[in-house]
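The structure appears right after this line, and notes come after that.
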Amino acid sequence: MQINLYNTLTRKIEEFKPLIPGQVSFYSCGPTVYWDQHLGNMRTFISNDLIKRMFIANEYKVTHVMNFTDVGHLVGDEDEDGGEGKVDQGKDKMMNAAARENKSVWDIAKQYIDSVVSDMNDLNIIPPTYTPRATDYIQEQIELVKKLEELGYAYIIPGKGVYYDTAKFADYGALSGQNTAKQRGGTRISDEGKRSPADFVLWAFLPDDAKNEMIWDSPWGRGFPGWHVECSAMSMKLLGNHFDIHTAAQEHINIHHTNEIAQSEPIVGKPWVNYWVHFGWLLASADSKLSKSAGDALTVPYIKKLGYDPMAFRYMVLMGHYRQPMEFSFESMNAAAAGYKNIVKKVAGFIETAGTSVQNDVYSEWRDKILGAVSDNLKTAETIVYLQELLKNDSVNAETKIKIFEFADELLGLQFIDRAKKLLAEEATPVPAEIQKLADERTAAKAAKDWARADALRAEIESAGWHIEDGKDGMKIVRK
């Protein structure tokens, strides 16, 4: 099936043509592991997962690399929080986190890598083929900087570091399409000594007595690599000098990805990457993106604590288009949760009534329609509409619908079948007498408008592993 993707570099939707027939190599910028990842980050990871699942469904072999940034990412760098190259004060985010939590930077890295892996598991995200840590590829980063220096693309500012000379790269800024004359390149201490405001650090110097756990020897002096260098070095090491797709959220277009191209193509030739795919932000309001720096607590564990199934969040994300910004609100989350639960209940009904006779021609027709929408620039909302139409289509029998939803789960990762089976198992589990007694007491408390007592009883039921659902048909007790 033909696959189409929007390529940021060419600013148009293009037919995907792999470097190697039947294979896809793609690199996605991963998290900086100094804090828990917010739901905006998770939207990006879901979008990466969707790309992978789409190619797998089209029978491609996928090699996916997603890095963990555990060094070289300073306060003020253009990053996942949306800053664009602000001048920082030399504070490393990992060091700040270590001081905040009274731990080593290595413990901080492990803690937050474990955290993001747990969140990705909750969201049914297929693990990347490789998840390199920047600190494991220091030598490769040093070698990349050495090659740039040999080619005349680097210069040294004494006491600061080795910088990339953007004036030497004729295509600088082609990805963003912006005038780069006034662009700041993720500067680290100040612009003093730089040949152009857009020039960026390749290797930052630190004094010998610097109190920094992450410091390495290099041909230019002790220090650490610039943030942009790590993605180029790790992708080349694991995917080769040329690969198919590079992805990230949209804030990486103007600086990070622009700088990656500038430092990679003089070494490997042009084009380094064939398709650049970027994802829209998840917005906390009409004009602001979710960010850790803003103090938002919108994480996967947080919404789970509120009683939401992480699949409802994934469903909400896929109801939009990957390139467009999406506003998060609990109103939209509630609507997504209700819509998702409604589909699960209907799928559970098909499982209860299904026989063994699959309408193979009908299945193939629906499979192609669903896969075709996702293969055409990831039109997931259109695919979900097809599934909703399928639920109401009486000409398709229950066993065929189940098989179609099994394929849809492989493609979209929404676990409709899994949740439907769990729902049936919950309904078949008898409610213990003591839990029923607490629920009846809660009903009486609500009738007496003793809301504090009702809330306390609900909490007691929840802590015992059960959940109360209040609906128009009355109260329902289900196992959590």
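Dense packing is recorded around OH of Y6, with more than 12 heavy atoms of other residues, nucleotides or ligands lying under 6.0 Å away.
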Which pairs of donor and acceptor atoms, one on a side chain in residues 452-459, lie under 3.5 Å apart (sequence neighbours left out)?
residue: R453; atom: NH2; partner: E441; partner atom: OE1; Å: 3.3
residue: R458; atom: NH1; partner: D470; partner atom: OD2; Å: 3.4
residue: R458; atom: NH2; partner: I468; partner atom: O; Å: 2.8

Show me, pair by pair, the donor-acceptor contacts under 3.5 angstrom made by side chains of residues 51-59, not counting sequence neighbours?
residue: K52; atom: NZ; partner: H64; partner atom: ND1; Å: 3.0
residue: K52; atom: NZ; partner: I126; partner atom: O; Å: 3.0
residue: K52; atom: NZ; partner: P127; partner atom: O; Å: 3.3
residue: R53; atom: NE; partner: D49; partner atom: OD2; Å: 2.7
residue: R53; atom: NH1; partner: E410; partner atom: O; Å: 2.9
residue: R53; atom: NH2; partner: N124; partner atom: O; Å: 2.9
residue: N58; atom: ND2; partner: M54; partner atom: O; Å: 2.9
residue: N58; atom: ND2; partner: S375; partner atom: OG; Å: 3.0

For F26 and F243, what are the C-alpha separation, side-chain angles and deciding distance, and is it a ring pair (Phe, Tyr, Trp, His ring centres under 6.0 Å)? CA-CA 7 Å; F26 93 93; F243 54 96; 9.3 Å; no

Taking it one step at a time, do W276 and H257 satisfy ring pair (Phe, Tyr, Trp, His ring centres under 6.0 Å)? CA-CA 9 Å; W276 290 86; H257 284 177; 4.9 Å; yes

Determine, stepwise, if the pair K379 / D376 fulfils salt bridge (charged side-chain N to carboxylate O under 4.0 Å, His left out). CA-CA 6 Å; K379 294 178 180 175; D376 187 15; 2.9 Å; yes

Start with the C-alpha distance between L50 and V374, add both sets of side-chain angles, then the distance that settles side chain to side chain contact (heavy atoms under 4.5 Å, CB included), and finish with yes or no. CA-CA 9 Å; L50 176 65; V374 179; 4.0 Å; yes

Please report the C-alpha distance between I343 and L387 in whole Å, then the side-chain angles of each, then the deciding distance to 0.1 Å, and finally whether the side chain to side chain contact (heavy atoms under 4.5 Å, CB included) criterion is met. CA-CA 9 Å; I343 295 177; L387 293 176; 5.6 Å; no

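Side-chain contact of T44 with S47: a donor-acceptor pair under 3.5 Å is absent, judged by distance alone. No hydrogens or angles considered: nothing links the side chains of N393 and E389 as a donor-acceptor pair under 3.5 Å. Donor-acceptor pairing under 3.5 Å is lacking for the side chains of T63 and S25. With 3.5 Å as the limit, one finds no donor-acceptor pair spanning the side chains of D309 and Y315. Under 3.5 Å, the side chains of D36 and S115 contain a donor-acceptor pair of N or O atoms.
Legend: side chain to side chain donor-acceptor pair (under 3.5 Å) pairs involving residues 15-24, not counting sequence neighbours: none detected. Residue pairs satisfying the ring-ring contact (aromatic ring centres under 6.0 Å, His included) criterion with at least one member in residues 435-458, sequence neighbours excluded, are absent. Residue pairs satisfying the ring-ring contact (aromatic ring centres under 6.0 Å, His included) criterion with at least one member in residues 379-431, sequence neighbours excluded, are listed as follows: Y340-F416, F405-F416. Among residues at least two apart or in separate chains, side chain to side chain donor-acceptor pair (under 3.5 Å) pairs with a member in residues 352-369 are Q359-T400.
You'll find the side chain of F279 stays beyond 4.5 Å of the side chain of Q250, heavy atoms only. Inter-residue side-chain proximity for R133 and I113 is flagged as met; some heavy-atom pair is nearer than 4.5 Å. Between P128 and M120 the shortest side-chain heavy-atom distance falls below 4.5 Å. L411 is listed as a side-chain neighbour of L371, based on a closest heavy-atom distance under 4.5 Å. Residues I255 and H228 meet the side-chain proximity criterion, which asks for heavy atoms closer than 4.5 Å. Between F68 and V117, some side-chain heavy-atom pair lies under the 4.5 Å cut-off. With a 4.5 Å cut-off on side-chain heavy atoms, M42 and V300 count as touching. Counting heavy atoms from C-beta outward, C29 and T247 have side chains that stay 4.5 Å or more apart.
Shown here are the side chain to side chain contact (heavy atoms under 4.5 Å, CB included) partners of A312, two or more places apart in sequence or in another chain: M333, A337. Evaluation of the salt bridge (charged side-chain N to carboxylate O under 4.0 Å, His left out) rule for D171 yields K270 as partners, not counting sequence neighbours. Scored by the ring-ring contact (aromatic ring centres under 6.0 Å, His included) test, H321 finds no partners at all (sequence neighbours excluded). The ring-ring contact (aromatic ring centres under 6.0 Å, His included) search around F330 returns F328, not counting sequence neighbours. In terms of the side chain to side chain contact (heavy atoms under 4.5 Å, CB included) criterion, residue partners of M326 (sequence neighbours excluded) are, by chain and number, R43, L282, M316. With sequence neighbours excluded, no residue satisfies salt bridge (charged side-chain N to carboxylate O under 4.0 Å, His left out) with K346.
Note: L239 CG to H246 NE2 = 9.5 Å, rounded to the nearest 0.5 Å. Here the straight-line distance linking atom CD1 of I402 with atom CG of D409 works out to 11.5 Å at 0.5 Å rounding. Put simply, OG1 on T383 and CD1 on I370 are 7.0 Å apart, with the number rounded to the nearest 0.5 Å. In this structure, T10 OG1 and I13 CD1 are separated by 10.0 Å, a value rounded to the nearest 0.5 Å. Here the SG-CD distance, from C231 to E260, works out to 4.5 Å after rounding to the nearest 0.5 Å. For the atom pair D122 CG and D119 CG, the distance stands at 6.5 Å (nearest 0.5 Å).
Judged by distance alone, the side chain of D244 and the main-chain N or O of L19 form a donor-acceptor pair under 3.5 Å. A distance-only check finds no donor-acceptor pair linking the side chain of D70 to the backbone of A109 [under 3.5 Å]. In this structure, the side chain of T380 does not engage the main chain of L412 through any donor-acceptor pair within 3.5 Å. Remark: side-chain polar atoms of E265 are paired, donor with acceptor, to backbone N or O of W272 under 3.5 angstrom. A distance-only check finds no donor-acceptor pair linking the side chain of R419 to the backbone of I417 [under 3.5 Å]. At least one donor-acceptor pair under 3.5 Å links the side chain of S235 to the backbone N or O of S232. With Q141 contributing its side chain and A134 its backbone, the two residues share a donor-acceptor pair below 3.5 Å. With hydrogens and angles ignored, the 3.5 Å screen pairs no side-chain donor or acceptor of N4 with any backbone N or O of N377. A donor-acceptor contact shorter than 3.5 Å links the side chain of N67 to the backbone of G30. Side chain of S118 to main chain of D114: no donor-acceptor pair is present (N/O by atom type, distance under 3.5 Å, no hydrogens or angles).
Listed here is the closest heavy atom pair of T258 and G173: CG2-N, 3.7 Å.
None of R323, H252, H278 except one satisfies the side-chain hydrogen bond (donor to acceptor under 3.5 Å, both in side chains) rule with T8; the exception is H278.
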